[in-house]
Amino acid sequence: MASNKKIQELKKRREEVLKGGGEKAIQKQTAMGKMTARERIIQLLDRNSFNEYDLFVEHEARDFGMDRKKLHGDGVITGTGTVNGKPVCIFAQDFTVAGGSLGFMHARKITKIMDHALKMRTPLIGINDSGGARIQEGVNSLAGYGEIFFRNTLNSGVIPQISVVLGPCAGGAVYSPALTDFVFVVENISKMFITGPEVIKTVLGEDISMEELGGARVQSEITGNAHFYASTEEECFKQIKRLLSYIPWSNSEPLVHREVHEPLKKYNISKIVPADKKQPYDVRDIIRAVTDGSDFFEIQESWAANIVIGFGTLNGKTMGFVANQPLVLAGVLDVDSSDKAARFIRYCDAFNIPIITFVDLPGYLPGVAQEHAGVIRHGAKVLYAYSEATVPKITVILRKAYGGGYIAMNSRHLRADFVFAWPDAEIAVMGPEGAANIIFRKEIEEAKDPEKVRKQKVQEYIDKFANPYVAAAKGYIDAVIEPRETRSVLLHAVEVSGNKTVGMPRKKHGIPPF
Ligand code: HXC
């Protein structure tokens, strides 16, 4: 049995480390509206579930006065705990200790818990609050980041990796989050950039604030680096718990099973899509009209809003939803929405989550800006991601499915398992107006009354192609269904896809148009 003296010594040592960067630094942290690293972990994990490791790790740096510096825990807290009653591995950088900067031993603590997460098949949650590579440790801190990036890549698709950015994060401190599956940011607290305002001032002579450069809004609305935005740290932790209630703990875990409730009556699926085909509507209402309890957890809500992605459940099981959003840019596919959809499809596929796709789009966005931004390469990611995915893939065409958009949005040709269409669906190479103007141009121009002939020709095109029956006659669509049948048809399709097995050609890996 340990003597009283030894126990007192342990307590004293623990107390010393728990002081973090000291009272003054903690006060500075609190004044900025930030919790301390330890408070964050306690708040996020289930009550009393946190077990900390490597409390007594010390740095070994000797240059630039580091030999005289004691950095408690070397600026990072690591351990295990539970969320929603299930085990997770976690680390939180402590900004009060040398700005949470990443030295060699700091990195070793993180990589140790990352290896643990992989071995134990638990999600890894990283709370980042760091000035990046510890400048005094030179290449040793760069080596530390390299080791983290390597593990982020190794873990990718095996266990969920969740990053929370809760401070000014620079350099390596943002590249690790960028390699993970979901990034959470908080208003006024999160800042992400590769090179900070001071470097920009020196190199480019430009003045810019951290907020304007890479604040939470910038990352959620402009860059798409962040997946979830919250007003406070508390709200952010609730979002993380909610995310974890949908996703499997690893790629070998069965789907999460939640309680089943019928969708709410206020989402009447037969009344959401306006009769006037030019009128937009919110496709999220369609998703809520089919999911259990009308529950939908949207991801990257404010970026590339012309496509909607997120999780909901059908018959208690998690599904990934991908839907064109007619409310924004008529739901077109463009550079950003293609990236957004493609990455999410790959996430669902890696973690065995079936994908439900709702289609209503006029195609890819035309224009010089999009072409020059690489819409060919980015748009191809959607084709690649759907074609490569082997999870159950179910499509419902609600209204327009034109051109490349028809093919890209999980068509039969990319191996959708089931394709359904509503009676109002229009499947064609392009919209009737554009099509008639091109293929009947001469007839229209030469007519006595060009406008009358143009209208006739548009109608002819509508009669021929602007319906789901041409595609249904070829078997490209499995069934034309009434809107009110959608949930029951989806429930059945998911049920019969439960044992889906498909083979892919043997290869090391494909080469997606990254
Ligand atoms: C060592 C650091 C540090 C770093 C901050 N600190 N960043 N120490 N290495 N990288 C220390 C400060 O010296 C200070 O110590 C304490 O942390 C708090 O920092 P402040 O500057 O007082 O805080 P604040 O004003 O809030 O500014 C935060 C900051 C700024 C924006 C993060 O500190 C900053 O710009 N840091 C450098 C960022 C950077 O360029 N990092 C390298 C990126 S390159 P004291 O003792 O005074 O409290 C990189 C390589 C990997 O990461 C790239 C991979 C692709």
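Counting starts at 1 for both ligands and their atoms, in listed order. Hydrogens, waters and symmetry mates play no part in the numbers below; they use all other heavy atoms, side chains included. These numbers were taken from a predicted model, which means no experiment stands behind them. In this chain, numbering begins with 1 at the start of the sequence shown.
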Query raised in the report: So which heavy atom in the protein is nearest atom 53 (C) of ligand 1, and how far is it from that ligand atom?
Result: Gly172 N, 3.5 Å
Query raised in the report: Does the ring of Tyr246 carry Arg258 above it, NZ/CZ under 6.0 angstrom from centre and within 45° of its axis?
Result: yes
**Report entry** Residue and atom name of the nearest protein heavy atom (relative to atom 46 (O) of ligand 1), distance in Å to one decimal
**Finding:** Lys69 NZ, 4.3 Å
Query - Ring centroid separation Phe228 to Phe297 under 6.0 Å - result: yes
**Report entry** Check: Met210 N/O within less than 3.5 Å of ligand 1 N/O
**Finding:** no
Report task. Indicate yes or no for a side-chain donor-acceptor contact from Tyr402 to the backbone of Tyr364 under 3.5 Å, with no hydrogens or angles considered. Result -> no
Query raised in the report: atom 7 (N) of ligand 1: which protein heavy atom is closest, and how many Å away?
Result: Gly131 CA, 3.7 Å
**Report entry** Nearest neighbour in protein (non-hydrogen) for atom 19 (O) of ligand 1
**Finding:** Phe95 CZ, 4.1 Å
Query raised in the report: Counting only heavy atoms, which portion of Lys28 has something under 4.0 Å from ligand 1: side chain, backbone, both, or neither?
Result: side chain
**Report entry** Interatomic distance, Ile90 atom CD1 to Asn51 atom CG [nearest 0.5 angstrom]
**Finding:** 12.0 Å
Report task. Give the numbers and elements of all ligand 1 atoms closer than 4.0 Å to a heavy atom of Ala98. Result -> 2 (C), 6 (N), 8 (N), 11 (C), 17 (O)
Query raised in the report: Would Lys112 count as a cation-pi partner of Tyr53, with NZ or CZ less than 6.0 Å from the six-membered ring centre and within 45° of the ring normal?
Result: no
Query raised in the report: Relative to ligand 1, is Val199 under 4.0 angstrom through side chain, backbone, both or neither, heavy atoms considered?
Result: neither
Report summary line: Counting from 1 in the order shown, the ligand 1 atoms closer than 4.0 Å to a non-hydrogen atom of Arg134 are 1 (C), 9 (N)
Report task. Examine ligand 1 and decide if any of its atoms is less than 4.0 Å from a heavy atom belonging to Gln136. Result -> yes
Query raised in the report: So is Ile194 polar-close to ligand 1, meaning N/O to N/O under 3.5 Å?
Result: no
Report task. Using atom types as modelled and distance alone, determine if a side-chain donor or acceptor of Asn306 lies under 3.5 Å from a backbone N or O of Ala330. Result -> no
Query raised in the report: Is there a heavy atom of Glu198 sitting under 4.0 angstrom from any atom of ligand 1?
Result: no
Query - Ligand-side contact atoms (ligand 1) for residue partner Gly171, heavy atom cut-off under 4.0 Å - result: 43 (C), 49 (C), 52 (O)
Query raised in the report: Using heavy atoms and a threshold below 4.0 Å, how should the contact between Ser101 and ligand 1 be classified: side chain, backbone, both, or neither?
Result: side chain
Query raised in the report: Looking only at distance, does Pro168 have an N or O less than 3.5 Å from an N or O of ligand 1?
Result: no
Requested in this report: Could you list which atoms of ligand 1 come closer than 4.0 Å to a heavy atom of Tyr175?
Outcome: 55 (C)
Query raised in the report: Is the number of heavy atoms from other residues, nucleotides or ligands within 6.0 Å of NZ (Lys317) greater than 12?
Result: no
